[in-house]
Each structure stands twice: as structure tokens, then as C-alpha cells.
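The basis for the numbers below is simple: all heavy atoms, side chains too, and nothing from hydrogens, waters or symmetry mates.
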Amino acid sequence: MTQIIPASLVASCAKTPARAEWLEHLPGVILELARRWSLTLGAPFEGEDVSCSWVAPAVGLGDTRVVLKIGMPHMEGEHEIDGLRLLDGDPTVCLLDADDKYGAMLLERCEPGTSLRELPEEEQDVVIAELLRLFWRTPPPGHPFRQLSVMLDHWTAVTRLDADKWPDRSLVEEGLDLFEDLAETAQSNMLLATDLHAGNVLRDERGPWVAIDPKPFMGDPAYDATQHLLNCRVRLRSRGMDTINRFADLLDVDRDRVQLWTFARLAAEPRDDWDDEATSLARLLAPVRL
């Protein structure tokens with residue numbers, strides 16, 4: 001059985017030797033898991049939201065409709081399986097089985113599985129806010145989840161490697177400073193989704209909406225507003241503070257912290273292209289002291 005590897009996944013795996021090695025072994029891993037879990041696989045999903053894992057619909061024993069997902073080596077997604085186990089389908093897709101060694105997940109298949117992107121953005125705000133408020137919780141003692149500061153420190157190191165490409169040094173430095181300051185001054189420390197946006201929310205019969213692809217860390221709930229907001233760039237440009245404040249209110253988190261987190265990510269988050277529109281958006285949302 002020849003397995004199709006989506007182009008977006010191939011491009012992501014070309015970025016590091018570890019990912020390239022993972023990709024080389026991926027076809028054999030797919031075959032092994034299909035045999036173990038008695039799966040008949042369909043063609044893998046493709047598109048902009050499928051760049052960090054191989055994901056395909058499948059039919060299992062008893063004609064059960066499922067999804068096989070195998071995650072590539074990815075710092076941010078290291079504890080996805082742990083998060084799905086803890087959340088147990090509320091508000092995420094259900095984890096039916098897993099192989100931690102391969103980062104593989106056998107998941108329930110959402111039906112009809114259409115994306116939240118089918119709704120207007122202001123309606124997306126309401127759905128995502130509801131899902132995030134269900135996601136946030138305090139895990140039991142001994143949990144494996146890392147602090148948000150671990151991811152931010154990683155981002156800072158990667159961004160500093162591109163210092164000669166920064167379009168606005170003061171703007172980037174302010175964003176990096178805020179990564180540290182905001183993490184240190186958080187008033188609560190909750191389980192975060194960190195990557196919840198409309199492309200990671202699917203319509204489901206038991207939902208009506210469920211979250212997929214969590215990248216769990218512990219930290220400030222106000223941070224979790226940012227991923228959806230960064231996917232609403234037209235609104236951020238035309239009515240940025242109104243959009244931020246509305247979403248912060250739906251989440252019942254501090255408006256100012258959501259603004260600062262959003263600015264920091266636009267200003268200083270690692271990126272392949274430092275000439276994109278993020279810098280101009282960061283200037284629009286910059287704190288007054290800039």
C-alpha cells in the first residue's frame with residue numbers, strides 16, 4: 001500500500017533533520033498502525049491546517065469510522081496525547097487509542113466534520129470562547145504539561161537567530177520583553193489549548209462543535225485568545241481594539257492582557273518571512289509606551 005504524503009507536511013519536515021528522519025520512516029509506521037488497529041485507510045487530509053501531522057480517515061473493526069493521526073516531532077505538540085486523555089472528549093475530539101512512541105492517535109471521526117470557518121468570524125468568536133472556557137482547568141498533581149514560558153523561551157531563541165532580518169528592532173524587542181513579563185505576571189495557571197482557531201474546530205453530532213489539535217501548556221488564559229485573533233487579521237486591521245475587547249469579554253479575561261499578548265506575538269513570534277503583514281499589525285496594536 002503506497003501512502004500519499006501531503007505537500008504541506010513534506011515542507012514542514014524539510015525544516016529539521018529530526019523531522020526529515022521521521023518522514024522517511026512514516027510510511028512504515030502507517031502500515032504498522034493500520035495492521036495493529038485493523039484499519040482500512042482513506043486518502044490523507046490536505047490543506048493549510050494539516051502541516052504538522054499525517055491525518056487520514058479510516059474504517060476500523062465493526063465499520064467504525066475513525067481518524068488516524070501521526071504527529072511529526074514538534075516542540076509545541078509534544079503533549080497532545082496527554083491533553084486528549086485528560087480532557088476525555090470535553091471539549092475535544094475523543095481519543096480512542098494511542099501509541100506514545102509514534103505520537104499516533106486513533107480518534108473519533110467528527111460527523112459531518114465541517115470546519116468552523118464556514119461561519120462568519122463574529123459567530124466563530126462565540127464558539128471558540130465557549131470551547132476555551134471548557135478547556136481551561138487545573139490538571140491533577142503529577143501532570144506532564146509544561147509551562148507556557150517554555151514555549152515562549154523557545155520562540156525567543158528562534159526569533160533572536162533572525163535578528164538581522166527584523167524589520168523593526170524596537171518593536172521585536174518589546175514583543176520579546178512582553179513574552180517574559182506576561183508569563184511572569186499571570187494571575188492564574190490553567191491548562192491552555194494554545195492553538196485553538198476556526199480551522200481546529202469541527203462540527204460534530206455530539207458537539208455541536210469540538211476542538212481538535214490541542215497543544216497544551218500551563219499558563220495565562222488571556223494568552224489563549226491570541227490564536228483565534230491572529231486568524232482574524234482583517235478585523236484586527238480595521239477595528240483591532242474592538243475585536244480584541246469583544247473576544248476578551250466573551251472569555252471573561254483581562255482586555256489589556258489580551259492586547260499585549262496579541263501584540264507580542266505579532267511583533268516577535270518566529271516566522272519564515274519577516275516581511276509579512278504581522279509587523280504593520282503589531283504597530284497598530286502596540287502599547288502606548290511605544
Side-chain angles (χ1 to χ4, degrees), residues 1-10 12-13 22-74 77-119 123-124 127-128 130-132 134-135 193 195-216:
M1 178 171 52
T2 301
Q3 293 301 334
I4 299 169
I5 310 297
S8 56
L9 181 58
V10 173
S12 292
C13 290
W22 173 86
L23 186 64
E24 182 180 348
H25 295 288
L26 178 60
V29 172
I30 295 169
L31 287 172
E32 179 181 337
L33 293 170
R35 293 190 190 104
R36 184 194 309 172
W37 287 330
S38 301
L39 303 176
T40 301
L41 296 170
F45 297 113
E46 300 191 56
E48 61 181 307
D49 294 319
V50 191
S51 61
C52 296
S53 55
W54 189 89
V55 190
V59 177
L61 293 175
D63 293 330
T64 305
R65 293 162 60 83
V66 296
V67 168
L68 175 62
K69 178 176 182 178
I70 308 171
M72 74 178 186
H74 186 30
E78 185 175 325
H79 291 294
E80 178 177 358
I81 292 174
D82 298 300
L84 291 171
R85 284 185 178 128
L86 175 68
L87 295 162
D88 195 25
D90 181 25
T92 60
V93 66
C94 287
L95 180 69
L96 306 176
D97 207 339
D99 185 305
D100 294 85
K101 173 186 172 183
Y102 290 136
M105 291 151 269
L106 191 64
L107 304 167
E108 70 169 325
R109 195 188 310 185
C110 296
E111 302 286 1
T114 48
S115 168
L116 182 60
R117 287 195 173 123
E118 69 180 13
L119 297 187
E123 293 181 40
Q124 294 175 18
V127 173
I128 291 176
E130 291 174 351
L131 292 172
L132 284 174
L134 289 170
F135 200 102
D195 192 30
L196 193 61
H197 56 83
N200 280 341
V201 178
L202 302 180
R203 189 178 288 280
D204 187 60
E205 293 171 349
R206 69 175 178 85
W209 299 99
V210 298
I212 62 170
D213 200 26
K215 297 180 174 64

L68 CG to L106 CG distance, which is reported to the nearest 0.5 Å: 6.5 Å
Which distance, rounded to the nearest 0.5 Å, do you find between the NE2 of H74 and the SG of C13? 11.0 Å
Criterion side chain to side chain contact (heavy atoms under 4.5 Å, CB included) against L107, the qualifying member of V66, L96, L84, I212: L84
Output yes when a side-chain donor or acceptor of W54 lies under 3.5 Å from a complementary backbone atom of I4, and no otherwise. yes
Minimum heavy-atom separation for G71 and S53, please, with both atom names. CA-CB, 3.7 Å
R36/D97 salt bridge by N-O under 4.0 Å criterion: no
Can you see which heavy atom on R206 is nearest to which on C94, and at what distance? NH2-SG, 3.3 Å
Determine whether a donor-acceptor pair (N or O, by modelled atom type, separation under 3.5 Å) exists between the side chain of R85 and the backbone of A98. no
Could you tell me whether the side chain of S12 and the main chain of S51 form a donor-acceptor pair under 3.5 Å? yes
Would you say R65's side chain and P57's backbone share a donor-acceptor pair under 3.5 angstrom? no
I81 to D99 - nearest heavy-atom pair and separation: CD1-O, 4.1 Å
Return the OG to NE2 distance between S115 and H197, rounded to the nearest 0.5 Å. 9.0 Å
For the atom pair OG (S8) and CZ (F45), what is the distance rounded to the nearest 0.5 Å? 13.0 Å
4.5 Å side-chain heavy-atom contact, P216 and D82: no
Out of T92, V201, D213, which residue meets the side chain to side chain contact (heavy atoms under 4.5 Å, CB included) rule with L196? V201
Closest non-hydrogen atom pair between Q124 and L119, with its separation: NE2-O, 2.8 Å
